[in-house]
Chemist: 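Encoded as structure tokens, here's the structure I'll be asking about.
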Amino acid sequence: MNALLGQAWRCPRSAVLVTRRFRVKSSKPPKKPAPRSSKTASDTSIRSFNDLPADEQLRRRLNDRERAQRRTTPSEPALRQRYGEFYDLTKHRLNHLLWELGQWDPEHREYRAFGLHTQESYYQEISFFKEALKRSFHLASALGMTSRTDNTLFWNLRSAFIKGDAAGLTKELRYALQTFLMRKQFSKSTTELHLRLADLRFPYEWFPATRQLQRTIHLHVGPTNSGKTYNALKALENAKSGIYAGPLRLLAHEIYTRFTAKGKSCALITGEEQRIPEDADMFFRSCTVEMTPLNWKVDVAVIDEIQMIADEHRGWAWTQAVLGCQAKELHLCGEERVVDLIQELCARLGDKCIVHRYQRLNPLLPMEQAVGTDFKNLQKGDAVISFSRVNLHSLKAGIEEATGRKCAIVYGSLPPETRAAQAALFNDPNNEYDFLVASDAIGMGLNLEIKRVVFESAFKFDGMAHRPLTIPEVKQIGGRAGRYRTATDAVRSGKEEETSATSAFSKWGAPGFVTAMDDQDLGVIRKHLQNDAKPIAAAGILPPSHIIERFASLFSPDIPLAFVLSRLREMARLSSSFNMCSFGEHLDISDVLKEFDLSIYDRSVLLTAPVSLREKGQKDILRAFAWSIANLSGGHLLEIPEVDLEALDVDASQLDPQGQKNYLLRLEGLHKAVTLYLWLSYRYRGVFVSQKLAFHVKSLVEEKITNCLEAADYEADKQQRRREMLRRQAQSHSKKEEKLLGAEPEEAPVAESGPGLWDAEGHEEPLYREKKEVNAALPVRARRTTESLNSRVSRG
């Protein structure tokens with residue numbers, strides 16, 4: 001219990017103390033004190049404590065303990081010294097959580113599972129938890145104890161709020177309450193068993209077949225446009241068998257197209273699509289990193305964007321590929337800041353590590369002036385970067401209206417085929433597509449012939465708050481400027497050309513340039529380009545399904561899987577080279593699935609499904625698919641009403657501009673649903689039997705999305721106000737957070753798992769960027785809490 005709550009937790013008072021505390025006061029008048037005796041000390045000998053009767057000794061001990069408890073229990077004014085606003089929010093979210101859970105009931109499944117068999121025990125345990133919560137904030141505000149070691153409960157709550165705002169705080173409160181209620185059920189032997197199963201210090205032992213190989217790992221590091229991926233792919237092409245693993249489906253498509261154009265037999269393997277050559281026994285595999293085959297021995301494997309091994313959401317996939325890929329030569333491509341970590345992992349694995357360092361083939365220069373709001377200042381080959389899907393379409397319309405030329409569009413939520421078509425239009429110099437608007441998806445290795453990168457803003461909304469771009473984000477995105485060689489060229493020519501700085505200069509006649517639309521944002525961009533990011537210290541991991549199954553078998557079937565995962569996260573023991581990836585999405589999916597009769601294996605499979613529960617309607621889609629798996633029926637695409645197939649019947653030309661935007665979001669939701677259906681069809685072939693129909697629907701949706709891209713409007717004043725609002729909110733966010741939460745606490749050792757240890761580098765653009773639009777999507781109670789909290793901090 002101390003491991004979870006730290007010094008904030010103390011054993012509950014005895015039954016006698018509880019009785020004394022809640023004793024109803026008598027209505028009788030108090031007794032008058034007895035007159036003081038006139039006897040002196042010499043007349044009455046003072047008896048020692050041991051000579052007192054047993055009941056008197058017990059009474060005095062209880063009085064002493066109660067006085068000591070009053071001295072250590074913090075008062076409300078003491079909590080106001082620091083973290084007062086945060087304490088108010090935490091109390092409010094706890095009350096909201098208890099309201100969601102409902103009142104105690106003998107038939108309440110969750111309360112029974114956590115040992116609350118009577119109403120008295122329910123009120124007593126909730127009271128004890130509130131007291132522990134209050135003491136935790138007292139330790140933080142009065143004594144400055146905010147580290148994970150000294151005050152674990154406060155650390156977890158603070159970290160959850162930073163990462164997930166009020167919703168994340170509520171989830172962490174729920175887990176803390178559940179663990180608090182379960183403290184009596186975890187005996188010492190049970191805790192020791194949990195610790196043994198949660199020992200994740202040696203993840204390379206999960207791949208015994210790979211450990212029998214003597215591998216050579218080639219680490220290609222350097223900035224963007226330095227030729228590192230080119231050299232790694234040359235080694236792959238010269239091999240007899242091999243694997244390419246990249247971060248995006250579009251990159252897997254690109255390499256697949258490249259190898260096919262050169263007459264090499266290649267398979268495309270992503271979570272939602274598999275194209276296997278029918279006329280070849282030996283072939284290359286181009287896949288997303290999550291789909292890297294770990295049981296296939298090959299000569300060469302290439303893993304792209306290796307710095308994403310530290311990503312808090314997907315880093316586990318890169319770690320799994322590095323530790324488990326059975327390749328004689330393993331080529332890793334990425335940034336310089338990952339070298340120390342990879343060398344340390346190779347030393348642990350016994351693999352030979354060779355580092356190849358590259359310099360950029362042509363210079364990357366920040367410009368002295370911003371381009372301004374007049375799109376006529378744009379030049380052919382410019383890429384304007386924004387981080388809101390709706391805003392991307394508005395920018396596209398404004399650029400085409402101001403310049404009279406076409407503008408392509410690329411962002412992460414577009415289907416890979418649509419993105420590939422848009423990228424091809426921009427890369428082709430013989431058409432009228434002179435410009436590109438794109439999200440930060442282009443920074444994840446997507447090859448585009450960009451002359452100059454123009455940041456529409458140096459700030460982004462990451463799903464929870466507005467924040468400045470990080471140094472790696474600016475360098476990854478801005479570094480795409482000046483690229484001169486893409487897979488499209490390889491497809492056209494069928495061969496590679498010599499890579500040299502001379503050919504790059506002859507392509508554009510100048511280096512790659514980076515700028516922004518506003519001078520204020522350009523200052524941030526220039527500063528980031530001149531600085532280096534911190535080295536990557538640890539690789540992300542997640543426990544594999546067999547560990548989750550074994551760990552879950554130790555709990556009652558009534559215990560929610562979300563609690564089991566949270567308990568595993570908290571008990572996990574990690575070495576200094578590894579960090580636990582975020583369980584946030586896993587916990588959300590677990591909560592959605594708890595109403596269905598699914599095995600732990602099925603739940604573990606669905607935990608990794610490509611579903612974003614933040615998107616409208618995706619929870620209902622997941623529930624529908626989970627019902628089909630639980631009942632082993634109803635998996636035909638036409639039998640699932642939650643899949644919005646009626647969207648295909650809408651005539652977009654009859655809609656107004658705003659209606660067309662909403663229709664585009666509806667199409668994207670349908671595309672996500674069909675993509676998830678295809679992903680499940682490869683794992684539950686007997687249930688989801690409409691794979692061919694799903695592919696057909698997917699192609700229809702992608703065609704309609706392409707047609708909708710042309711329909712958008714642009715208002716220059718509105719865009720300028722948006723950028724100013726974004727800067728103000730991002731710049732004030734850190735001040736508000738510091739006022740609310742105080743200074744950053746001392747970081748715990750990397751080996752200690754749990755929330756709050758990883759740097760988030762999100763790459764998914766939000767639907768909207770304005771605060772009122774974001775708040776409109778929140779529940780009413782959460783929205784009121786956030787607005788009230790922000791107003792109090794602003795007044796402060």
Chemist: Thr224 and side chain to side chain donor-acceptor pair (under 3.5 Å): which single residue from Gln476, Arg360, Arg480 fits?
Modeler: Arg360
Chemist: Apply salt bridge (charged side-chain N to carboxylate O under 4.0 Å, His left out) to Arg211 and Glu205, showing your working.
Modeler: CA-CA 8 Å; Arg211 298 289 73 80; Glu205 294 181 354; over 6 Å; no
Chemist: Has the side chain of Thr260 got a donor or acceptor atom that lies under 3.5 Å from a matching backbone atom of Thr257?
Modeler: no
Chemist: Which residue, Tyr682, Tyr684, Phe695, Phe688, forms the ring pair (Phe, Tyr, Trp, His ring centres under 6.0 Å) with Tyr677?
Modeler: Phe688
Chemist: Run through Glu585, Glu290, Glu305 and flag the one making a salt bridge (Lys or Arg N to Asp or Glu O under 4.0 Å) with Arg314.
Modeler: Glu290
Chemist: I'd like to check Phe259 versus Lys262 (side-chain heavy atoms, cut-off strictly below 4.5 Å). Are they in contact?
Modeler: no
Chemist: Checking Thr179 side chain against Ala176 main chain: does a donor-acceptor pair fall under 3.5 Å?
Modeler: no
Chemist: For His331 and His220, take the angle between the two ring planes, folded into 0 to 90°, and tell me which bin it lands in: parallel under 30, tilted 30 to 60, perpendicular over 60.
Modeler: parallel
Chemist: Is it the case that the side chain of Arg603 and the backbone of Leu593 share a donor-acceptor pair, with hydrogens and angles ignored and the cut-off at 3.5 Å?
Modeler: yes
Chemist: Using side-chain heavy atoms (C-beta onward) and a distance below 4.5 Å, is Ser545 in contact with Val605?
Modeler: no
Chemist: Would Asp299 and Lys240 count as a salt bridge (charged side-chain N to carboxylate O under 4.0 Å, His left out) if you check the C-alpha gap in whole Å, the side-chain angles of each, and the deciding distance to 0.1 Å?
Modeler: CA-CA 7 Å; Asp299 294 331; Lys240 295 182 180 180; over 6 Å; no
Chemist: Taking the side chain as every heavy atom from C-beta outward, state whether Leu554 and Arg567 have any atom pair closer than 4.5 Å.
Modeler: no
Chemist: Taking the side chain as everything from C-beta on, heavy atoms only, tell me whether Leu323 gets closer than 4.5 Å to Trp206.
Modeler: no
Chemist: Closer than 4.0 angstrom, basic N to acidic O: yes or no for Glu254 and Arg258?
Modeler: no
Chemist: Are Pro472 and Gln307 packed together at the side-chain level, in the sense that at least one heavy-atom pair is separated by less than 4.5 angstrom?
Modeler: no
Chemist: Any Lys/Arg nitrogen of Glu595 or Lys619 sitting under 4.0 Å from an Asp/Glu carboxylate oxygen of the other?
Modeler: no
Chemist: Could you give the distance from CZ (Phe563) to CG (Leu587), rounded to the nearest 0.5 Å?
Modeler: 11.5 Å
Chemist: Taking the side chain as C-beta and beyond, is there a heavy-atom pair between Glu668 and Glu615 under 4.5 Å?
Modeler: no
Chemist: When you check the gap from the basic side-chain N to the acidic O, do Glu702 and Lys698 get nearer than 4.0 Å?
Modeler: yes
Chemist: Compare all side-chain heavy atoms of Cys346 with those of Leu349 and state whether any distance is below 4.5 angstrom.
Modeler: no
Chemist: Could you tell me whether Asp588 and Lys171 make a salt bridge, using a distance below 4.0 angstrom between a side-chain N and a carboxylate O?
Modeler: yes
Chemist: Is the charged tip of Arg683 near the ring of Trp679: under 6.0 Å from the six-membered ring centre and within 45° of its axis?
Modeler: yes
Chemist: Test your reading of the model: is there a side-chain donor-acceptor pair from Asp351 to the backbone of Cys353, 3.5 Å cut-off?
Modeler: no
Chemist: If the plane angle is over 60° it's perpendicular, under 30° parallel, otherwise tilted; pick one for Phe551 and Phe555.
Modeler: tilted
